[in-house]
Visitor: 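Before I ask anything, let me first share the structure, which is written out below as structure tokens.
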Amino acid sequence: MQMTDWIAKKRDGGELSTEEIEAIIQGYTTGSIPDYQMSALCMAIYFQGMNERETYDLTMSMLHSGETLDLSPIKGIKGDKHSTGGVGDKTSLILCPMVAACGIKIAKMSGRGLGHTGGTIDKLESFPGFVTGISEERFFENVNRIGIVIAGQTANLVPADKKLYALRDVTGTVPSIPLIVSSIMSKKLASGADVIVLDIKCGSGAFMKDEAHARALAEGLTRVGRLAGRKVCAVITDMDEPLGCAVGNAIEVKEAISVLKGETRGELLELCLVLGSCMLTEAGLAVDDSQAREMLTETITSGSALKKLAELVEGQYGDSAAVYDTSLLPEAAVTVEVPSERAGYVQHIEAEQVGLVSMHLGGGRATKESTIDLSVGLMLHKKVADYVEAGESLATIYAPNAPKAAEAAELLRRCYTFSDTPVEKPKFIKDIIR
Ligand code: URA
């Protein structure tokens with residue numbers, strides 16, 4: 001059998017064997033299977049789907065297409081977290097120091113962001129001097145010594161996914177659950193953690209627009225992770241409006257620090273408590289969620305999570321003084337307010353469009369080669385269900401210059417819709433799959 005037969009088999013609703021899937025991924029990664037055949041197969045998978053065994057085999061074949069990270073030299077339970085991506089998502093900057101302060105070892109490899117804001121490592125580069133490309137020796141030394149590293153991807157992890165994702169992106173085959181599951185889980189499994197928590201965003205600003213699709217993805221991801229022998233749980237969370245209030249890079253770091261200082265509460269802290277509880281209970285460091293929440297809350301009240309962030313920054317050559325004095329982080333040249341044109345209750349904030357405002361200011365990357373301005377972004381003062389008076393500020397814009405600020409203010413105003421009557425806030429934590 002060869003690729004044409006395998007394409008036809010899947011097109012007609014057949015099941016690909018373990019060996020066939022392995023041959024396909026091998027052939028595609030090494031170049032013997034061309035893009036046009038692989039795109040036809042992806043489209044067949046998009047329409048016909050894959051069963052659990054096929055999805056698992058696809059994940060494992062992709063995982064073995066490159067290097068894997070051996071975390072066995074690190075003592076203790078290794079934890080990792082993945083989010084399917086949303087606007088204003090600075091959860092890792094809060095959650096990782098919190099769980100590390102509870103004894104979980106965080107050896108995290110993160111990619112750079114493409115789109116509305118940077119990724120976690122871009123945001124961390126807001127700390128003057130912070131190095132994401134640390135040596136392997138320093139990586140292991142830091143995790144063992146301070147319990148936390150968040151570094152850029154250095155190892156050649158899952159080359160099959162790099163090639164396949166780029167192909168799916170231009171062939172209309174990204175939104176296929178088995179392809180997404182294998183793409184995400186191959187990378188997470190290759191990163192070597194024992195416990196993986198997944199934040200599946202759901203809503204207009206997310207990849208998964210409705211709860212049914214988000215749940216199907218969450219179940220697919222957790223099943224494959226468990227078949228691979230890891231402890232995995234998934235939390236489905238709302239992304240109908242941005243997460244928290246800050247959208248940008250340095251400005252998101254500032255919001256994360258204010259949560260770690262105990263100054264900001266709300267949904268962002270709640271998400272970290274829920275994800276953190278999953279991690280601590282799965283790791284066996286807490287007997288139940290209630291004990292886990294107590295341990296996590298204590299990291300905020302005692303200041304141990306904030307201290308852990310400072311140790312992370314210092315361990316990667318950054319200026320940890322900025323953790324305690326955020327005026328040392330990059331600051332935008334111009335700030336303007338966005339006054340509301342009317343009074344009313346905020347009905348909806350178009351999250352994806354808010355992300356694009358940040359990108360318009362220079363806070364995100366249009367292409368992999370673009371550089372980002374860490375100082376720009378926006379801070380929302382009104383979220384869904386809040387009441388606003390006419391003329392009251394909806395948000396502050398942080399811009400490189402006045403014309404950009406004015407453009408961004410107009411774009412941001414258009415992201416809001418209002419109601420004359422009170423609005424119910426959507427449920428934030430929609431489900432937990434463990
Ligand atoms: N994120 C990934 O890493 N892969 C996908 O296929 C979709 C989202």
Side-chain angles (χ1 to χ4, degrees), residues 21 24-25 28-29 35 38-39 41-47 49-50 54-63 65-66 68-69 80-87 89 91-92 108-122 152-153 155-193 196-210 213-225 228 230 232 234-237 239 351-352 355 364-365 368:
I21 291 172
I24 290 166
I25 293 303
Y28 186 57
T29 313
D35 277 350
M38 198 64 195
S39 11
L41 181 69
C42 286
M43 193 56 88
I45 294 172
Y46 176 89
F47 282 112
M50 276 184 146
E54 287 176 296
T55 309
Y56 174 74
D57 286 341
L58 180 58
T59 308
M60 297 316 269
S61 296
M62 286 172 59
L63 161 68
S65 68
T68 54
L69 212 58
D80 199 357
K81 173 249 169 191
H82 178 80
S83 157
T84 55
V87 181
D89 189 359
T91 314
S92 292
K108 189 165 174 56
M109 281 209 175
S110 257
R112 290 196 181 275
L114 189 61
H116 36 76
T117 57
T120 303
I121 58 166
D122 295 303
Q153 258 164 37
N156 181 28
L157 299 181
V158 198
D161 181 62
K162 286 194 188 80
K163 208 173 162 188
L164 194 52
Y165 192 82
L167 184 74
R168 288 167 53 212
D169 206 22
V170 293
T171 55
T173 52
V174 169
S176 150
I177 301 265
L179 294 179
I180 300 172
V181 167
S182 54
S183 165
I184 293 176
M185 283 317 282
S186 58
K187 288 176 287 198
K188 285 289 117 184
L189 297 174
S191 303
I196 303 165
V197 293
L198 304 161
D199 179 9
I200 314 296
K201 305 286 188 197
C202 166
S204 64
F207 196 52
M208 293 286 137
K209 304 288 179 207
D210 62 64
H213 283 95
R215 187 163 291 107
L217 178 60
E219 283 166 356
L221 290 164
T222 48
R223 269 200 301 266
V224 165
R230 312 294 172 89
V232 189
V235 181
I236 300 175
T237 62
M239 188 36 76
E352 208 164 328
R365 282 189 187 85
K368 273 192 272 185

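Both ligands and their constituent atoms are indexed starting at 1 by order of listing.
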Visitor: Could you tell me which residues satisfy side chain to side chain contact (heavy atoms under 4.5 Å, CB included) with Arg230, sequence neighbours excluded, listed by chain and number?
Guide: Leu189, Ile196, Val232
Visitor: Distance to 0.1 Å, residue and atom name: give those for the protein heavy atom nearest to atom 4 (N) of ligand 1.
Guide: Ser183 OG, 2.6 Å
Visitor: Backbone or side chain, does any N or O of Arg168 fall under 3.5 Å from an N or O of ligand 1?
Guide: yes
Visitor: Considering only the protein, which heavy-atom contact is closest to atom 3 (O) of ligand 1, and what is its distance?
Guide: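 Residue, atom and distance for the closest contact: Lys187 NZ, 2.5 Å.
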Visitor: When Arg168 is tested against each of Ser176, Ser183, Ser39 for side chain to side chain contact (heavy atoms under 4.5 Å, CB included), which residue passes?
Guide: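 For Arg168, the side chain to side chain contact (heavy atoms under 4.5 Å, CB included) test succeeds with only one of Ser176, Ser183, Ser39, which is Ser183.
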Visitor: To which protein heavy atom is atom 1 (N) of ligand 1 closest, and what is the distance rounded to 0.1 Å?
Guide: Ile184 CG1, 4.0 Å
Visitor: I want to check something: taking the side chain as every heavy atom from C-beta on, are Met208 and Thr84 in contact at a cut-off of under 4.5 Å?
Guide: no
Visitor: Could you give the distance from CG (Leu167) to OG1 (Thr173), rounded to the nearest 0.5 Å?
Guide: 6.0 Å
Visitor: Check this for me, if you would: do Asp80 and Lys188 make a salt bridge, where the nitrogen-to-carboxylate-oxygen distance has to be below 4.0 angstrom?
Guide: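 A salt bridge is present here (some side-chain N lies under 4.0 Å from a carboxylate O).
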Visitor: Just jot down the ligand 1 atoms closer than 4.0 angstrom to any heavy atom of Tyr165, in number order.
Guide: 4 (N), 5 (C), 6 (O), 7 (C)
